[in-house]
Structure formats: structure tokens, C-alpha cells
Amino acid sequence: MKIAVCIKRVPDSETRVKVANDGRSLDEAGVKFILNPYDEFAVEEALRRKEAAGAGEVAVIAVGTAASQETIRTALAMGADRGVLLQADAVPADGLAVARALAAELQDGGYDLILCGKMAIDDQSYQVGPMLAERLGLPCVTAVTTLSLEGGKGVAEREIEGGVEVVEFPLPAVVTADKGLNEPRYPALKGIMAAKKKPLAVKPFDGGTVGVAVTGMGLPAERQEGRIVGEGAAAVPELVRLLREEAKVL
Amino acid sequence: MSHVLAVVEQRDGALRKVSHEVVTGARRLADALGGEVHALIVAAAPVTGAEALAGFGADRVVTATGDGFARYAPEGMAAIIAERARDGGYRAVVCAATATGKDLAPRVAAKLDVSLAADVTDVGMDGAAVVVTRPVYAGKANLRLSVTAAPAVVSLRPNVFTPVERPRAGTAETIAVSTAAGRVTVREVKAAAAGTLDVAEAPIVVSGGRGLKEPENFKLLEELAAAFGGQAAVGASRAVVDAGWRAHGDQVGQTGKTVSPNLYFAVGVSGAIQHLAGMRTSKVIVAINKDKDAPIFKVADYGIVGDLFEVVPRLTEEIRRVRG
Ligand SMILES: Cc1cc2nc3c(=O)[nH]c(=O)nc-3n(C[C@H](O)[C@H](O)[C@H](O)COP(=O)(O)OP(=O)(O)OC[C@H]3O[C@@H](n4cnc5c(N)ncnc54)[C@H](O)[C@@H]3O)c2cc1C
Ligand SMILES: Nc1ncnc2c1ncn2[C@@H]1O[C@H](COP(=O)(O)O)[C@@H](O)[C@H]1O
């Protein structure tokens, strides 16, 4: 199996967000960056497929600044075979531009499967996977929690409101990973050492015209700290009274 | 062109309620543009509830019917929507950022070779540009974007755009389409037990965390939820989902669902930043935790410090009593 995984470098989920001086981006000072958690599921899934097949290749590809090399190395340390960085000065806020560049790189690669995360935890756009599939003319299933592939066909489950869809599709395809798909491995020391020697190609990013412009970033209004109604079960009647009379939600 | 296409969702032949929000959002744009709202439904046959859309501001309701569209068929549906968006010369295409809409909208946008402003919490016009606000970094910041691409494809976060009644005369038409359903097909929908609400859609959510100690104890929360008479769903923290106590679909937070119910109970949940990411926009938050320093109290409107095993049964009783 020849598999490509699209991965993104994102701020750690614990990050305290501060707005940079330009008024429209994240102040990166002191921010720790990680491999997007949903992309970790995607990388893990790719590795398991390759291991099960006993042969094949897992390539990881990122659009990002030079710093994304570190993210690619993380995926290589997990076990991916090679990396590609489409290097940009900054990742555009337009998912289509990212999808275009990824599609151009993956187009003639002969991949049986292309995996993405269902969303990147920074821009939470849920769009690069299906856009990439459209550009490549491939079938796509998003946010899958189970995946089985057999004889050129895939079956996946995805959660919808109040239920689960069981989806069938032919391969090759683009599949985006949701939590629950698997339990990603931690890179072992041996993997980290091996990753240093694995190939990592750096190419220029070209996303074409960008159709959205960021005009500002703000912080949401802080929730006002509420009040402790009381201690233990004795506080329940007062809580219910407040919910009815003050908050008017009952 | 100044018309707006509102893409609305059906399931099992009935219009989904979120469609009222979509038409409301589309109406807002159309008013600013001086244009009309045209609602588009793709289904196997005319759906129930479609007639209500004129009440929320749809000037025209078009149902495109085809054999393959009883269930969600992403490829065929995206093709039909993109084609209508293109042929109709719409200025904007508005969808819901539901599980289906998150899958569908990027396909439509890519077919039109335009960007998508996904999961927005505000939308309007600023001069000639469609402008949106969307939460990023798990809701820790809001990004303002100006969409220069035309049409502007926008998906609206559910439960944010309160439906506004704006009755229009409204015409309705059904057109048969021959578009194929596509290569990706939904073979089966495993529905949750009848009457179970999805945490993402319930007006009241009762979430439990590790403080419940054992999976069996979630019975306490199910009883509390039941006391609200079909209004409440039971949610969970990631810690208990990872432990296998609850289903993935119940997880609230950064790697789970984003919920904004009227009332959110966090029971035995510490309030980790990734949990808050999924529920901080709830209208009213109640925390029950035995640790008075638990971070959840920082975002809760009302808190009770105490042992949930004593507080919750008492609360269930009291809710039953006041609801009579
Ligand atoms: C990348 C990433 C993504 C994540 N995504 C999510 C997510 O989507 N959702 C999520 O929830 N978490 C998420 N987490 C995990 C998060 O960091 C926390 O670990 C998790 O939310 C803790 O769950 P908890 O509150 O149930 O457990 P704990 O933190 O262990 O809290 C249990 C609470 O119960 C209280 N308690 C104990 N006994 C009682 C009692 N008898 N009565 C009353 N109170 C009691 C305790 O005081 C404590 O506050 C994520 C983490 C990472 C790194
Ligand atoms: N800059 C990027 N480089 C590589 N892959 C990306 C990038 N941005 C997004 N993706 C992929 O697309 C998925 C969805 O991201 P998004 O649409 O930004 O929420 C991610 O989980 C990645 O798999």
C-alpha cells in the first residue's frame, strides 16, 4: 500500500492564546507546537495499514514554515518513510489554497490512500481533506471512526447527530480521521534516531489565489465567574430556584 | 447578482430544524445585498417541513429530487448544489456546519474553485465583501475574515443563529434531477436509541467526568437527564470516553463535540481547557464538584461544592418536583 498523510503543525491544545501586535494572528512567543492530534490518528492508521500489508510506503506532507520540518520528523519518528514540506512564509487562512498545493504534490504519486485529520485544531476548518479529494477527483469520506479496506473497496463509519453512518467507497480515496479511529503510538527512541536519516524534501508552496483575508483576531468575552450557591445536597433547592427565577432556563 | 442560496438539510424525508437557522443567516445576507433567498433541498422526494422555510425568509424553495438521495450522498449532492450555485449566479451559498454540512460544504466550494468560511458564528456584509467571524484555537480566539471569492461559501455553526420569523410569499417547486448519487454511498445509518438526543443538539446537557468513579454511576446522570423530560442529553469528558465508559459521540470538548445548550451541567468534571473548549459558549453552566478549586468553577454561572453522589440524586428529585 502506498499511503500519503497530510499533516499540520499546530499550537498545543493547552496554549493560552494571545493576539500578536498585527492584531490578526497568534502571538507565538512561548507557544509549544505539536503535530495536529487528528493527523496523529491519520499517521497511525497509515502505519497500521502498511504493517498489515507487509509492504508499502507512508509519505507525510505538510504545508508550513521551515519549522514544520520538526512536525514531519515527529511523523517520521512514528514510522513514516519520507516527508515533503511545501514551504511557505505563512500558512494561508484559505483551506482551498492549501488543498491546491497538496493536490499538485500528490497528484501523480499513485497513492492507494490519502489520509488527513478531520480538522486542524488551530483553524478548525474541516475542509482541506474534502477539498483535496475534489481537486484529485477522488472519493472522500470525512471524520471516520472506523475504517476497513478490502479488495479495492473501503467501509468506514462516521458519527452524525444522533447516529452513525456506515459509508462505502472505492479506492483510491481520501479519508479524514476522527478521534476513536485508533490509539496513536508514541515515537520510540529508536524511531527518533532513525527519523533523522529519513528523506525530507523541501519544495516551494504555491497555493494560487487566496479567496479569504484575515482582517482581525479577537479574544472572546471572558465568562463572568459565577458564584458558589452552596455546599452539598442542601444547596440544591437554591440552585433550582436560581435556574428558574434568575437564569430562567427551567 | 445579489441572491443567496441557502442549502438546507433533510433526514429521512423531513427537513432538519437547523435549516431554519440557515435560512435566517442567508436572509441576513440577502437583506444587506437587496436580494432574495433561495432554499435548496436535495432529497429522494418532497420533504416535510419545507413549507415552513418561507416563514423564515425564503423567497423560493427548490427541492431537487433524485433516486439516489434518500440518504446522504455527498458526491451527487455537492454536484447539484455547485451546479445551481454557478448557474444561478449567487453571491453567497450558506450551509449548516453540521456533521453533514462539514462534509458537504468544502466539496461544493472546491467544485466552484472558491474558499469556504467554515463554522462561522457571525456573518454580514461590509461594503461589497461578505465578512464572517469564526472561532479558532478551540474557541480561545475569534477570527474575522473577509471573503473575497464569489460566491462566498459559508457554513454556520449550529445553535448560534437564532431563527427569526420573516414571512415571505415564497414559491415552492420540485425539480427532478438525473445526477448520479456518486461513488461514496451510505449503506446504513445506525440510529441511536429512539428518544436519545445528541449532545450537540440537546437544549440541556448533563456531562459527567472521572468524578463518577465507575461507568455504572452514569445512571445517576441518565436519571437527571430523564427528569428534564426528553430535553436533555448525557455528555462526557474525554477521560471517561478514553476509559471506555461512554461512547465517543458523547464526548464534549476540543477533540469531541462543541455544544452550546441553554443549560450545561458539569458533574465531576474538572474543567480542563480542552473540555471548556467544547462547552464555554453554553448559555448557563452549572458545576458540581467536590473540589472548590476545580477550574470548572471559573466558567460556571452556578456551582455546588460537594459530593456528586449526594448532590445529583437530590437535584434529580428537585427537578422532577418543579417540573411536576
Ligand atoms: C489534545 C488533547 C485533546 C483533549 N480533548 C479533550 C476533549 O475534547 N474533552 C475533554 O473533556 N477533555 C479533553 N482532553 C483531556 C483533558 O485535558 C482532561 O484530561 C479531561 O478533560 C479530564 O477529564 P475529567 O474532568 O473527567 O477528569 P479529572 O480531571 O480527573 O476530573 C475529575 C473531577 O471530578 C471531581 N470529583 C471527584 N470525585 C467527585 C465526587 N465524588 N463528587 C464531585 N466531584 C468529584 C474532582 O474534583 C475532579 O475535578 C484533551 C487533552 C488533550 C491533550
Ligand atoms: N498546512 C497543512 N499542511 C498539510 N496538511 C494540512 C494543512 N492544513 C490542513 N491539513 C490537513 O487537512 C486536515 C483538516 O484541516 P483543516 O481543514 O485546516 O481543519 C488536517 O487535519 C490535515 O490533515
Side-chain angles (χ1 to χ4, degrees), chain A residues 11 13-15 17 37 93-96 99 121-127 130-131 134-135 139 141-142 145 159-170 179-180 211-220 223 225-233 235-237 239-240 242 244 247 249-250, chain B residues 72 98-100 102-103 106-107 109-111 114-119 136-149 183-192 198 200-201 248-249 254-255 262-263 273-274 280 284 298-306 310-311 314-315 318-319 322:
Chain A
S13 64
E14 299 269 356
T15 303
V17 170
D94 184 347
L96 184 64
I121 66 165
D122 53 355
D123 63 31
Q124 16 179 139
S125 283
Y126 302 87
Q127 60 179 263
M131 284 181 163
E134 285 293 335
R135 305 286 307 178
V141 188
T142 62
T145 52
E159 278 167 13
I160 57 172
E161 295 83 6
V164 172
E165 276 177 355
V166 185
V167 185
E168 275 181 8
F169 57 97
K179 177 174 176 291
V212 292
V214 178
T215 56
M217 186 163 112
L219 302 184
R223 273 196 95 91
E225 190 167 340
R227 67 182 117 132
I228 303 289
V229 177
E231 292 188 13
V236 167
L239 170 68
V240 172
L242 289 167
R244 294 183 83 182
V249 286
L250 286 185
Chain B
Y72 180 50
T98 53
T100 301
K102 280 176 185 153
D103 185 274
R107 298 175 192 259
K111 281 189 191 299
V114 295
S115 317
L116 163 67
D119 204 20
V136 290
Y137 305 110
K140 286 181 259 177
N142 291 314
L143 214 54
R144 285 183 295 280
L145 294 167
S146 168
V147 185
T148 45
R183 299 163 293 184
V184 178
T185 54
V186 174
R187 182 169 77 188
E188 184 193 343
V189 178
K190 299 182 191 165
D198 192 275
E201 295 188 317
H248 286 291
Q254 181 152 6
T255 38
N262 286 326
L263 181 55
I273 193 159
Q274 297 94 348
R280 60 177 303 146
V284 174
K298 290 258 182 295
V299 299
D301 300 282
Y302 304 109
I304 291 184
V305 179
E310 287 164 20
V311 177
R314 181 79 178 81
L315 180 57
E318 191 68 13
I319 298 291
V322 300

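Numbered from 1 within each chain, the chains take letters A, B, ... in sequence-line order.
If you measure heavy-atom distances from B:L315 to chain A, the contacts under 4.5 Å come from both the backbone and the side chain. Both the backbone and the side chain of B:V184 come within contact range of chain A, each with at least one heavy atom under 4.5 Å from a heavy atom of that chain. When heavy atoms are compared at a cutoff of 4.5 Å, A:R227 approaches chain B by way of both its backbone and its side chain. For B:E201, the part lying near chain A is the side chain, with the backbone staying farther off; criterion is any non-hydrogen pair under 4.5 Å. Only the side chain of B:Q274 comes within contact range of chain A, with at least one heavy atom under 4.5 Å from a heavy atom of that chain. For chain B, the nearby parts of A:D122 are the backbone and the side chain; heavy atoms of each come within less than 4.5 Å. If you measure heavy-atom distances from A:V214 to chain B, the contacts under 4.5 Å come from both the backbone and the side chain.
Residues A:M217 and B:R144 are not in side-chain contact: their nearest non-hydrogen atoms beyond the backbone lie 4.5 Å or more apart. A 4.5 Å side-chain heavy-atom check between A:M131 and B:L116 finds at least one atom pair inside the cut-off. Considering only heavy atoms from C-beta on, B:S115 stays 4.5 Å or farther from A:Q127 through its side chain. Inter-residue side-chain proximity for B:I304 and A:I228 is flagged as unmet; no heavy-atom pair is nearer than 4.5 Å. In this structure, the side chains of B:Q254 and A:I121 come closer than 4.5 Å at one or more pairs of heavy atoms.
Comparing B:N142, B:T148, B:V299 by heavy-atom pairs within less than 4.5 Å of chain A, the highest count is held by B:N142. Comparing A:P11, A:A213, A:G163, A:P130 by heavy-atom pairs within less than 4.5 Å of chain B, the highest count is held by A:A213. Per-residue counts of heavy-atom pairs under 4.5 Å with chain A were compared for B:A118, B:G306, B:A99; the largest is that of B:A99. Ranked by heavy-atom pairs under 4.5 Å with chain B, the list A:A247, A:G180, A:A233 is led by A:A233. Comparing A:A235, A:G230, A:G95 by heavy-atom pairs within less than 4.5 Å of chain B, the highest count is held by A:G230. Counting heavy-atom pairs closer than 4.5 Å to chain A, the top residue among B:A117, B:G249, B:A109 is B:G249. Of the listed residues (B:A149, B:A141, B:A192), the greatest number of heavy-atom pairs within a distance under 4.5 Å of chain A belongs to B:A141. Ranking A:A93, A:S125, A:P139 against chain B, the residue ahead of the rest is A:P139, based on heavy-atom pairs under 4.5 Å. Among the candidates B:L263, B:D103, B:V114, B:I319, the residue making the largest number of heavy-atom pairs closer than 4.5 Å to chain A is B:D103. With chain B as partner, the option from A:V212, A:L239, A:L96, A:V166 having the largest number of non-hydrogen pairs under 4.5 angstrom is A:V166. Heavy-atom pairs under 4.5 Å with chain B were tallied for A:V141, A:T15, A:T145; the largest tally goes to A:T15.
Note: A:E134 CD to B:R107 CZ = 6.5 Å, rounded to the nearest 0.5 Å. Rounding to the nearest 0.5 Å places CD1 of A:I160 at 9.0 Å from CG of B:D198.
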Set out, in order, the CA-CA distance, both residues' side-chain angles and the distance that settles side-chain contact (heavy atoms from CB on, under 4.5 Å) for B:T98 and A:E161, then state yes or no. CA-CA 8 Å; B:T98 53; A:E161 295 83 6; 3.3 Å; yes
List the steps and the verdict of side-chain contact (heavy atoms from CB on, under 4.5 Å) for B:K140 and A:L219. CA-CA 6 Å; B:K140 286 181 259 177; A:L219 302 184; over 6 Å; no
Would B:V311 and A:V236 satisfy side-chain contact (heavy atoms from CB on, under 4.5 Å), going step by step from the backbone distance to the final call? CA-CA 7 Å; B:V311 177; A:V236 167; 3.8 Å; yes
Run A:T215 and B:L145 through side-chain contact (heavy atoms from CB on, under 4.5 Å) and show every step you take. CA-CA 5 Å; A:T215 56; B:L145 294 167; 5.9 Å; no
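In this structure, B:D301 pairs ionically with A:R223, as a charged nitrogen and a carboxylate oxygen lie closer than 4.0 Å.
Scanning both residues, A:Q124 and B:G139, for their nearest heavy atoms gives OE1-N, 3.6 Å. Between B:R183 and A:P170, the closest heavy-atom pair is O-CD, 3.4 Å.
Every residue was checked against the salt bridge (Lys or Arg N to Asp or Glu O under 4.0 Å) condition with B:R280, not counting sequence neighbours, and none meets it. For B:D119, the salt bridge (Lys or Arg N to Asp or Glu O under 4.0 Å) partners two or more places apart in sequence, or in a different chain, are B:R157.
In this structure, A:E14 contributes its side chain and B:I273 its backbone to no donor-acceptor pair below 3.5 Å.
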